[in-house]
2 protein chains.
Amino acid sequence: MKKLVIFGVGLIGGSVALALKKAGVDTRIVGVCRTRYSLDEALSLGIIDEAESDLQMAVSDADMIMLAAPVAQTTKILTSIQPFLSQHTVITDAGSTKTDVIASAKAVLGDQFNQFVGGHPIAGAEKSGAAAALADLFVGKNVVITPTADTNANAITAVNDLWRNCGANVSTMSAEQHDAIFAAVSHLPHLLAFALVDDIASRPNAAQLFSFAASGFRDFTRIAGSHPEMWRDISIANKQALLNEITAYESELAMIKQLLINNDSVGLEALFERASHARNQWAKSKQ
Amino acid sequence: MKKLVIFGVGLIGGSVALALKKAGVDTRIVGVCRTRYSLDEALSLGIIDEAESDLQMAVSDADMIMLAAPVAQTTKILTSIQPFLSQHTVITDAGSTKTDVIASAKAVLGDQFNQFVGGHPIAGAEKSGAAAALADLFVGKNVVITPTADTNANAITAVNDLWRNCGANVSTMSAEQHDAIFAAVSHLPHLLAFALVDDIASRPNAAQLFSFAASGFRDFTRIAGSHPEMWRDISIANKQALLNEITAYESELAMIKQLLINNDSVGLEALFERASHARNQWAKSKQ
């Protein structure tokens with residue numbers, strides 16, 4: 001791969017660039033951003049080799065284009081680059097939802113949809129922006145790619161290679177399966193954490209409640225400090241899978257409520273035991 | 001205070017003992033435990049000065065008795081020591097719920113209920129047992145005490161002094177107020193985390209779901225790894241306040257679900273914004 005173009009050189013896009021450089025991949029990395037400031041920062045930090053503001057120049061001879069800007073910009077970026085796309089260019093993304101991205105790519109790219117491979121690196125950090133980028137961000141982390149029956153085999157291979165060069169473990173599944181899985185293990189927990197903090201913050205005695213919140217509350221609500229705009233977009237993009245998860249969780253909560261109403265301490269302890277066992281086994285497996 | 005007797009020399013009881021020693025308080029600290037093993041460990045680690053298995057010997061000349069055993073043992077321990085209690089002995093506890101403890105103390109101690117002061121140190125650690133005890137566990141942490149209109153002023157002062165010597169900030173409120181606050185900021189989050197893990201663990205594709213769970217899930221569910229028996233007891237002991245919190249949370253969740261059904265991205269973003277702002281302000285205030 002001679003030329004990789006990254007749209008959105010923030011934490012994810014910047015870390016891909018740094019990881020490829022660290023792996024010694026011989027690729028010219030070109031950055032495109034909404035703001036000149038971000039590009040200058042990425043250039044001065046040596047994350048990208050070039051900043052390009054002319055879309056045709058950036059895109060026409062690219063071997064791969066990665067969209068790493070906020071997911072809500074996907075259609076706009078795809079539409080802007082579509083006129084300049086060569087037949088050999090592979091397009092991929094790094095968004096947290098996939099069904100919506102695949103639908104957008106299919107609608108915008110038309111005949112060239114077979115050059116698009118959806119992707120989602122399961123990695124992040126507290127900070128955002130190019131300055132927070134890390135060469136090791138993806139080492140040992142999962143990346144899901146979601147090719148369709150239409151996708152070119154060489155495009156799938158290229159995206160696989162990209163992420164393996166970043167040190168990640170690549171899994172392949174459908175966009176629908178991806179969105180169902182992440183609705184359960186990521187999107188629902190975020191929504192539950194936002195809900196708890198909003199519930200407490202809206203009380204007349206919120207200040208008193210917060211003053212007695214301690215380390216359990218801190219960890220449980222860490223993800224409620226996440227970016228509101230990003231989580232609005234994820235929630236809307238993955239609406240149906242998320243609604244299914246909320247409904248399942250409401251049933252679970254109703255069951256626990258009933259155990260409590262019934263003073264069923266045996267049932268409660270059994271449920272807590274199942275959960276704590278599963279949670280501690282999971283934590284061990286991740287070590 | 002010449003003699004302090006601690007029932008249950010685990011993380012909390014052991015840390016009280018170490019904190020008082022570090023503060024240079026001239027008090028003989030006597031440990032009483034269900035198991036000889038724990039007492040020997042606490043003795044060999046220099047946490048307690050004496051281990052006593054004879055209740056009358058332990059209790060009759062004590063200036064203060066602290067119950068730091070699991071809350072479910074409170075009534076049993078109070079009943080066992082009641083025959084040997086002097087008029088001057090202050091009794092306190094370190095349990096996570098207070099209404100039930102106060103009711104038990106009132107029922108068991110009768111005329112001597114005025115010598116009892118409920119207490120709850122808001123501090124903990126991943127590990128339990130005397131070996132995990134830390135002299136600094138309570139430094140800068142909140143301790144809530146819940147005296148009643150009947151409680152002797154000197155008993156309140158003595159328990160206040162104890163916790164201040166451990167480096168804690170002491171707040172005073174009613175047992176009911178305590179239980180309502182901790183239902184919201186501690187007991188409900190624990191229950192929500194147990195519910196999420198149980199919900200996911202009970203799926204046919206649980207292994208796949210867990211394999212894609214990442215750092216957000218890890219922090220959100222950390223408290224789902226907590227001790228099942230302890231959380232069974234807390235849930236049952238604080239049943240009514242916890243049911244109120246579950247009901248309020250169900251309303252919050254139903255509201256979010258409706259925003260999602262309505263594709264109300266403005267409403268969703270506003271809610272996430274309120275929550276993330278409140279959460280990040282809280283985190284700053286705790287630094």
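None of these values were measured; they are calculated from a predicted model.
The minimum heavy-atom distance linking A:Ser171 with B:Phe212 is given by the pair OG-CZ, 3.6 Å. For the pair A:Ile236 and B:Leu268, the tightest heavy-atom approach, listed with the atom from each and the gap, is CD1-CD1, 3.8 Å. Heavy-atom minimum distance, B:Ala195 versus A:Ile256: CB-CD1, 3.6 Å. Shown here for A:Arg232 and B:Glu269, the closest heavy-atom pair between the two residues is NH1-OE1, 2.5 Å.
Ion pairing of B:Glu252 with A:Arg203 is absent here, as no side-chain N (NZ or NE/NH1/NH2) approaches a carboxylate O to less than 4.0 Å.
Atom CD1 of B:Ile223 is separated from atom CZ of A:Phe220 by 6.0 Å, given to the nearest 0.5 angstrom. Rounding to the nearest 0.5 Å places NZ of A:Lys257 at 3.0 Å from OG1 of B:Thr247. Here the CG-CG distance, from B:Leu188 to A:Leu196, works out to 5.5 Å after rounding to the nearest 0.5 Å. The structure places CD1 of B:Ile261 at 8.0 Å from CD1 of A:Ile246, a figure rounded to the nearest 0.5 Å.
Residue contact with chain B, scored on non-hydrogen atoms closer than 4.5 Å, involves the side chain of A:Ala201 exclusively. For chain B, the nearby parts of A:Asn263 are the backbone and the side chain; heavy atoms of each come within less than 4.5 Å. Using a 4.5 Å cut-off between heavy atoms, B:Lys141 makes no contact with chain A at all.
Between A:Phe272 and B:Phe194, the two ring planes are parallel [angle under 30°; tilted spans 30° to 60°].
The candidate from A:Leu253, A:Leu259, A:Leu242, A:Ile122 with the greatest count of non-hydrogen atom pairs under 4.5 Å with chain B is A:Leu253.
Considering only heavy atoms from C-beta on, B:Ser215 comes within 4.5 Å of A:Arg222 through its side chain. Between A:Val185 and B:Ile200 the shortest side-chain heavy-atom distance falls below 4.5 Å.
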